[in-house]
Protein chains: 2
Amino acid sequence: MQSKAMALKNKVQSIVVTTMWRKNAFLVSSSRTFATGYDDNRILKSPSSLVSLDFPDVWNYSSSTNCTESSTHKLASDHTARVIDGKQVSEEIISNVATEVTRMKKTIGEVPGLGVILVGERKDSLTYVRNKITACEEAGIKFKLAEFSDNCTEDEVCDAIMRFNADPSFHGILVQLPLPQHLNEEKILNVVKLEKDVDGFHPVNMGNLAMRGREPLFVPCTPKGCVELLIRYGVEIMGKKAVVIGRSNIVGLPASLLLQRHHATVTIVTALTPNPEEITRDADILISGVGVPNMVRGSWVKPGAVVVDVGTYPIEDKSCEQGYRLIGDVCYEEASRVASLITPVPGGVGPMTVAMLLYNTLESATRKYNFV
Amino acid sequence: MQSKAMALKNKVQSIVVTTMWRKNAFLVSSSRTFATGYDDNRILKSPSSLVSLDFPDVWNYSSSTNCTESSTHKLASDHTARVIDGKQVSEEIISNVATEVTRMKKTIGEVPGLGVILVGERKDSLTYVRNKITACEEAGIKFKLAEFSDNCTEDEVCDAIMRFNADPSFHGILVQLPLPQHLNEEKILNVVKLEKDVDGFHPVNMGNLAMRGREPLFVPCTPKGCVELLIRYGVEIMGKKAVVIGRSNIVGLPASLLLQRHHATVTIVTALTPNPEEITRDADILISGVGVPNMVRGSWVKPGAVVVDVGTYPIEDKSCEQGYRLIGDVCYEEASRVASLITPVPGGVGPMTVAMLLYNTLESATRKYNFV
């Protein structure tokens, strides 16, 4: 596994930054100002394209469907973390959204509307969209699904978004990610009208989330759900050490920005972080959104920490009714014996994402109609 | 000093998040899902306005004009860090920009143009603008200054920006910050055309700097200058622990985002971080942009670390020709005996900011004319 990480690193070094990265960090070889070895005539030595630095995070851990207790880590046998019940919290939020929707309908004769774009037939995407439809029905939010085949064109998708943009009965637009490879995600997401970007993925919303003194119109649903859970369970964020594992646009990045807004001291761990467990072990609040089942072991968790697990993966299990069960990034059996609070998978962050989507859609309609 | 921090914290707690923050973190009092004490009917318990969380960072350290060696910290008496010569690097960059500008003029008969908005008569702003004018003249970049009195209106400033937006001979527009209190910085900066935002402060540019797979049109000059120095001095960033002290929109935030782009493991230390020195002491790369002279002591620095000091403050010193000298965030005398590389003040990051501004302006013109 080590060799895989090294290979990736070497590949990156050779492709992207051949002339720039030096093997011996902090070791400067000569008395000249500039390191030698630049063979190009560019004015700056830093990479001209930042996207070129943007290769996928490949975690140096094999995913595992089972985690057994690490023998090197002493677990308190009598301790079990309190479980953060995301399902219960999300039900309460959806029920409160429903009450507001009813009041809006009675008062001004309008209801919030959500338009969803679904491309292709990925099973997980279908499940997520189905959950969103059910929740919208429960809350009285108007829902419309625009479905496209796997081989549709960018224009078809953009046209559908523009129709939702133009239709005043839709206050939120969601493009179910990931999109098929041949579609330009950036281009498509940028078509979503800022005022209807209930997922908060537009760069203006992300920039305003990042910048001090600014306020995004919408905060991405998953991180917003995580922080709502923390607050509801009485977790102090201000001044605490928070570690976010992973830096995806939909989880890690906005989670790190939102935790900074709440005045945590935030560290972002990536696939290129050597010995991530040394950093996570120092976290009061640990949020994981990496995509590797059971990567975060009990030994990665500081005793008494709060653990929020954003990962969700179906694994085959014939003992379950549906033939599969869901597991997360965190080895729950181990981590729950070290943490003070922990989100389960399923029933933790997942339902909160849906509840936040409904909330953001309601908020958008409320803002549009100036409904108080 | 401790009481000041506590007072601030208490103030924040009482004003902003009275019902949300709990005194005993990680201690949940009852078996109910929700912490008690919420007296409002909002659907979410997290703050409805994120800006309300956005109070100024007040550092729990008094600024000092002199720093003496900390007696509790053992300094290697025979070690001195290599000095990062930002002045020399910036001169090389400006000279290379000048060459490109000459080539552009010869080839297509155009030169890059920079429009600068200056409001009021702050001495530091005047100095910065003067430095920029001098550098532009040196590089052959057209420069126009739009000056306004301290009591000008928002519309006057916005009109000037719009004239620069519309004028094809200007490829960059810079609003010298800070603006007087009565002007809305966000509104004014948002008027700057994205394609001319050479400071990179537009939320779209910041959002695209933050997001994976995206690329901002411009990276803010100061952090870009810091990273350029690191690369030129052979500092490996990938996989290293980088700590950024401060989270301003112009330094801390974009520096943390840019270091993440270069695959550092980044921690952002704020004024509310308890014992920041425990975190900075673990940094391979330490960037400080806080605004407190000599706050970062030698004992805050890991032996062998690279220290980049973004602060610049004039302090009275009659022994100097001008009657004052400049110092930074970092206690240089102490830190230079611990670090492996260090930027001085003056002559470190400061001149690089100007060089990057010229580079961004050239890049903007190059992009517009598709000049290769």
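Just so it is clear: chains get the letters A, B, ... in the order the sequence lines come, proteins before strands, and each one is counted from 1. In this text the structure is predicted, and so the values were computed from the model without any measurement.
Across A:Ile231 and B:Pro47, no two heavy atoms sit closer than the pair CD1-CD, 4.0 Å. Closest non-hydrogen pair, B:Ala264 versus A:Thr270, comes out as O-CG2, 4.4 Å. Scanning all heavy atoms of the two residues, the minimum distance from A:Ile268 to B:Thr265 falls at O-CG2, 3.5 Å. Considering every non-hydrogen atom in both B:Pro274 and A:Gly239, the closest pair reads CD-O, 3.2 Å.
With a 4.5 angstrom heavy-atom cutoff, B:Asn190 touches chain A only via side-chain atoms. Contacts of A:Pro254 with chain B are absent, with no heavy-atom separation under 4.5 Å from either backbone or side chain. Residue A:Leu230 does not touch chain B at all, counting heavy-atom pairs closer than 4.5 Å. If you measure heavy-atom distances from B:Ile93 to chain A, the contacts under 4.5 Å come from both the backbone and the side chain. For chain A, the nearby part of B:Leu189 is the side chain; its heavy atoms alone come within less than 4.5 Å. Residue B:Pro276 does not touch chain A at all, counting heavy-atom pairs closer than 4.5 Å. Looking at B:Val97, both its backbone and its side chain come within 4.5 Å of chain A, counting heavy atoms on both sides.
In terms of heavy-atom pairs under 4.5 Å with chain B, the best-connected choice from A:Ser248, A:Pro203, A:Ser95, A:Ala210 is A:Pro203. Contact count against chain B (heavy-atom pairs under 4.5 Å) is highest for A:Val266 among A:Val204, A:Val266, A:Thr99, A:Ile84.
If you take CD on B:Glu228 and CD1 on A:Ile43, they are separated by 10.0 Å, rounding to the nearest 0.5 Å. Of the inter-residue distances, the one linking B:Asp282 atom CG with A:Thr267 atom OG1 reads 9.5 Å to the nearest 0.5 angstrom. Atom NZ of residue B:Lys45 and atom OH of residue A:Tyr233 lie 13.5 Å apart, to the nearest 0.5 angstrom. Note that CG of A:Leu258 and OG of B:Ser46 are 8.0 Å apart. Values are rounded to the nearest 0.5 Å. Atom CG of B:Leu257 is separated from atom OG of A:Ser256 by 8.0 Å, given to the nearest 0.5 angstrom.
Judged by distance alone, the side chain of B:Arg247 and the main-chain N or O of A:Gln260 form a donor-acceptor pair under 3.5 Å. No donor-acceptor pair under 3.5 Å is formed between the side chain of A:Glu186 and the backbone N or O of B:Arg214. Judged by distance alone, the side chain of A:Asn249 and the main-chain N or O of B:Met211 form no donor-acceptor pair under 3.5 Å.
With sequence neighbours excluded, no residue forms a salt bridge (Lys or Arg N to Asp or Glu O under 4.0 Å) with A:Glu185. In this structure, the salt bridge (Lys or Arg N to Asp or Glu O under 4.0 Å) partners of A:Glu91, at least two apart in sequence or on a different chain, are A:Lys87.
At a threshold of 4.5 Å between non-hydrogen side-chain atoms, the residues B:Ile279 and A:Lys241 count as touching.
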Between B:Lys224 and A:Leu44, is the side-chain contact (heavy atoms from CB on, under 4.5 Å) condition met? List the steps. CA-CA 10 Å; B:Lys224 188 172 181 168; A:Leu44 300 192; 3.5 Å; yes
